[in-house]
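Note sheet for the following structure.
Residues: numbered from 1 along the sequence shown. Counting starts at 1 for both ligands and their atoms, in listed order.
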Amino acid sequence: MAEQNFDVLVIGAGPGGYVCAIRAAQLGMKTACVEKLPTLGGTCLNVGCIPSKALLQSSEMFHLAQHGLARHGVVVALPALDLAAMHGHKTQVVKANTAGVEFLFKKHKIAWLKGAARIIGPGRVTVTGANGAAETVSAKHIVIATGSESAPLANVAVDEKHILTSTGGLALAKVPKTMAVIGAGYIGLELGTVWRRLGAQVTVIEYLDRILPGMDAEMASEMHKLLGKQGMRFKLGTKVTSAATGGGNGVTLKLAPVAGGAEESFAADVVLVAVGRRAHTEGLGLDEAGVALDDRGRVKTDAHFATNVAGIHAIGDVIAGPMLAHKAEDEGMALAELLAGQKPHVNYGAIPGVVYTWPEAATVGKSEEELKAAGIAYKVGKFPFTANGRARAMAMTDGFVKILADAKTDRVLGCHIIGPEAGNLIHEMVLAIEFGASAEDIARTCHAHPTLNEAVREAALAVDKRPIHI
Ligand code: FAD
C-alpha cells in the first residue's frame, strides 16, 4: 500500500493535539492525529480534568445533601452513597466527551491513526497498533503533543491498589477510611477533597511550608484554613522518605521534617502520589531524530513551537509552561495557524489557573510575591464574599476577591479569587488582562445585581479605596 502523506501529523490526541488537528483541518490542511489510547481526548478527557470534575461535582452534591440543605429549609433524610453510580456518571461524562472528539474528527475529515507513533526520520513516522502491525506515514509538519504523566517519587512505588497516581485516585471502588495525599498542588487537593467529602479521613503531606505552591500566598493560606475547617488535615514542611505496603492492607509512610528532626511513621489505607507531572517523551524516537530536550526533560521549542529539527513542532504539557488543558489548546490553535501562514499569539500572562475544590480558587496574572520579587509597585483591592448579597443568599460566603493593579498606571496585573464559582468569576479578569484594562475600567463597568461578579467590581473599586459595600 502506498505510504499515506499528510500536511500535518499530530502525535497525541489530548487537548493540545486534537485542537491543533481540528484547527489545521479547518484551515484546509490534510491532517492526521496518532493516538495510542483506545479513545481520543488524552489525559484531560480520559483520566484528568473531566473525570475529576465529574467526581468533584457528585461528591459536592453528596456533601450538600448532608450538610448544606437544611439551612435552606430543605429537610432530607441523611443521604446514602452509591459509589458505583457515582463512578457510572463519571464514565458516561468521559464517554460523551471522548465520543464528541471522535465526531469532530469525522466532521473535519481528520484521519485518526490508532497506535503509538515513533519519529523515524525527517517527516516520517511509524505508527504501531495494539496488534503490533506497523504503518509508516509521512507529513510536511509533525506536531509532538504527547502530554505528560504522573511524576514518580523516590522510594514510593505506585501499584494503583494502595499507592495510587491520580488515575487510581479517580477509580477507587470503595471509600478508604484513611488516605494520605502526597503533594498539596491542585490535583492532590481536588482528589483529596472528593474522598474527604465521601467520608475518608484525608491527610495532605507537603514538602513546602504552604499549600498550592506557586499561587498567591494569601489565597493559598485562606484555602488551607477553609479546607482545614472541612476536616482535611495537613502536614506541611514534611517529606516522605519511603513507603511500605504489606503487613495489614494499608501503607506505612516514613515522614521526616524538612527542617530536620526525627522520622515518624504514618499509616493510611491508601496513598495518593500527587507530586507533579513530567513530560511524556518515551518511545517517540526523539534521540534518533535529534530533537533537543530542556533540563527538565521537556521538548525544547522556540516562540513558534518549533523544535531544533526542521518540520517538527511541539505543544502542550510536553513543552515548558503551565501544565493545563487550556494552555495546550491555545498552543494547538496557534500552531495550526502559524503553519497556515497566519500570525497568532498566545498570551502567557493571561492564562487562568483554577482549583476546583469548594470554595474554588482561581488566579490570573501575577501574585503579590511575584510583583514584590520583580520590584513592581502595586495597589491591592480586596472584597470579601461575606459582604456580597448573592453569596449570602447561597450561604456560601467564604473567601474574597483580590485585584492587584499597577501603582502608577492602574493597569490590572493580577487577580486571585477564592470563593463560590471562582473558576467562572476569574474570566472577567482574564479578559481585563488580555485587553490591558485598568482597575478603574472594571470599577466603572455595570455589573448585574445580585451576582457574585459584583464582588469583582467591588474589589476593583477597593483598588481606589472606594468600595461601596464595606
Ligand atoms: P495529554 O492530554 O496528556 O495528551 C497526550 C496524548 O498523547 C495522550 O492521549 C497519550 O496517550 C498520547 N501519546 C503519548 N505518546 C504517544 C505516542 N508515542 N503515540 C501516540 N500517542 C501518544 N488541566 C486543566 O486545565 N484543568 C483541570 O481541571 C485539570 N485537571 C486535571 C486533573 C487530573 C487528575 C490530571 C492528571 C490533569 C489535570 N489537568 C487539568 C491537566 C491536563 O489534563 C493537561 O494539562 C492536558 O491534558 C495536557 O494536554 P496535552 O494535549 O498536552 O496532553
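The main-chain N or O of Ala200 is never found under 3.5 Å from a side-chain atom of Lys177 such that the two would form a donor-acceptor pair. With hydrogens and angles ignored, the 3.5 Å screen pairs no side-chain donor or acceptor of His345 with any backbone N or O of Ala334. Remark: the backbone N or O of Gly48 is not paired with any side-chain donor or acceptor of Thr43 at under 3.5 angstrom. Between the side chain of Glu135 and the main chain of Val127, no donor-acceptor pair closer than 3.5 Å is present. In this structure, His427 contributes its side chain and Gly423 its backbone to a donor-acceptor pair below 3.5 Å. Within the 3.5 Å criterion, the main-chain N or O of Val299 finds no donor-acceptor partner in the side chain of Asp294. Checking side-chain atoms of Asp209 against main-chain N and O of Gly237 turns up no donor-acceptor pair under 3.5 Å. Between the side chain of Glu35 and the backbone N or O of Ala13 there is at least one donor-acceptor pair closer than 3.5 Å. In this structure a side-chain-to-backbone donor-acceptor pair under 3.5 Å is missing from Asp7 to Thr31. In this structure, His87 contributes its side chain and Leu172 its backbone to a donor-acceptor pair below 3.5 Å.
For ligand 1, the atoms sitting less than 4.0 Å from at least one non-hydrogen atom of Gly115 are 19 (N), 20 (C), numbered in the order shown with element in parentheses. Counting atoms of ligand 1 from 1 in the listed order, those under 4.0 Å from a heavy atom of Leu284 are 18 (N). The Ser148 neighbourhood of ligand 1 comprises atoms 3 (O), with distances under 4.0 Å to a heavy atom of that residue. Near Lys53, the atoms of ligand 1 lying under 4.0 angstrom from a non-hydrogen atom of the residue are 27 (C), 28 (O), 29 (C), 30 (N). Every atom of ligand 1 is numbered from 1 in the order shown, and the set under 4.0 Å from a heavy atom of Thr43 is 1 (P), 2 (O), 3 (O), 4 (O), 36 (C), 43 (O), 47 (O). Within ligand 1, the atoms closer than 4.0 Å to a non-hydrogen atom of Tyr356 are 28 (O), numbered from 1 in the order shown. Under a 4.0 Å criterion applied to the non-hydrogen atoms of Ser166, ligand 1 contributes the atoms 34 (C), 36 (C). For ligand 1, the atoms closer than 4.0 angstrom to any heavy atom of Asp317 are 44 (C), 45 (O), 46 (C), 48 (C), 52 (O).
The heavy-atom pair separating Leu293 from Gly297 by the smallest distance is CD1-O, 4.0 Å.
Residue-level proximity to ligand 1 for Cys44 is carried by backbone and side chain together, each with a heavy atom below 4.0 angstrom. Neither the backbone nor the side chain of Val318 has a heavy atom within less than 4.0 Å of ligand 1. Counting heavy atoms closer than 4.0 Å to ligand 1, residue His280 contributes side-chain atoms (C-beta onward) but none from N, CA, C or O. The proximity of Ser52 to ligand 1, defined as any non-hydrogen pair under 4.0 Å, is limited to the side chain. Contact annotation for Arg118 and ligand 1: no heavy atom of the residue comes within less than 4.0 Å of the ligand.
At least one heavy atom of Arg277 sits less than 4.0 Å from an atom of ligand 1. A heavy-atom separation below 4.0 Å is found between Ala116 and ligand 1. Within the structure, ligand 1 has Val47 among the residues with a heavy atom less than 4.0 angstrom away.
Distance from atom 16 (C) of ligand 1 to its nearest protein heavy atom, with residue and atom name: Thr146 CG2, 3.7 Å. What sits closest to atom 8 (C) of ligand 1 on the protein, heavy atoms only, is Glu35 OE1, 3.5 Å. Given atom 42 (C) of ligand 1, the protein heavy atom at minimum distance is Cys49 SG, 3.8 Å. For atom 25 (O) of ligand 1, the nearest protein heavy atom (residue, atom name, distance) is Ala325 N, 2.8 Å. Of the protein's heavy atoms, Lys36 CG, 3.8 Å lies nearest to atom 22 (C) of ligand 1. What sits closest to atom 32 (C) of ligand 1 on the protein, heavy atoms only, is Gly48 C, 3.4 Å. Summary of contacts: the protein heavy atom closest to atom 19 (N) of ligand 1 is Ala117 N, 2.8 Å. Nearest protein heavy-atom neighbour of atom 39 (N) of ligand 1: Tyr186 OH, 3.1 Å.
Interatomic distance, Phe234 CZ to Glu206 CD, rounded to the nearest 0.5 Å: 10.0 Å. Rounding to the nearest 0.5 Å places CD1 of Ile120 at 4.5 Å from OG1 of Thr136.
For Gln342, the CD atom counts as densely surrounded, since its 6.0 Å shell holds more than 12 non-hydrogen atoms of other residues, nucleotides or ligands.
Neither side chain, Asp216 nor Thr363, offers a donor N or O lying under 3.5 Å from an acceptor on the other. Counted by atom type alone, Glu331 and Tyr348 present one or more donor-acceptor pairs between their side chains at under 3.5 Å.
Checked by distance only, ligand 1 and Gly16 come closer than 3.5 Å through their nitrogen or oxygen atoms. Residue Leu324 places at least one N or O, backbone or side chain, under 3.5 Å from an N or O of ligand 1.
Nearest to atom 5 (C) of ligand 1 by heavy atom, out of Cys20, Gly42, Ala145, is Ala145. Counting only non-hydrogen atoms, the option in Pro15, Gly316, Ala274, Pro322 that gets closest to atom 49 (O) of ligand 1 is Pro15.
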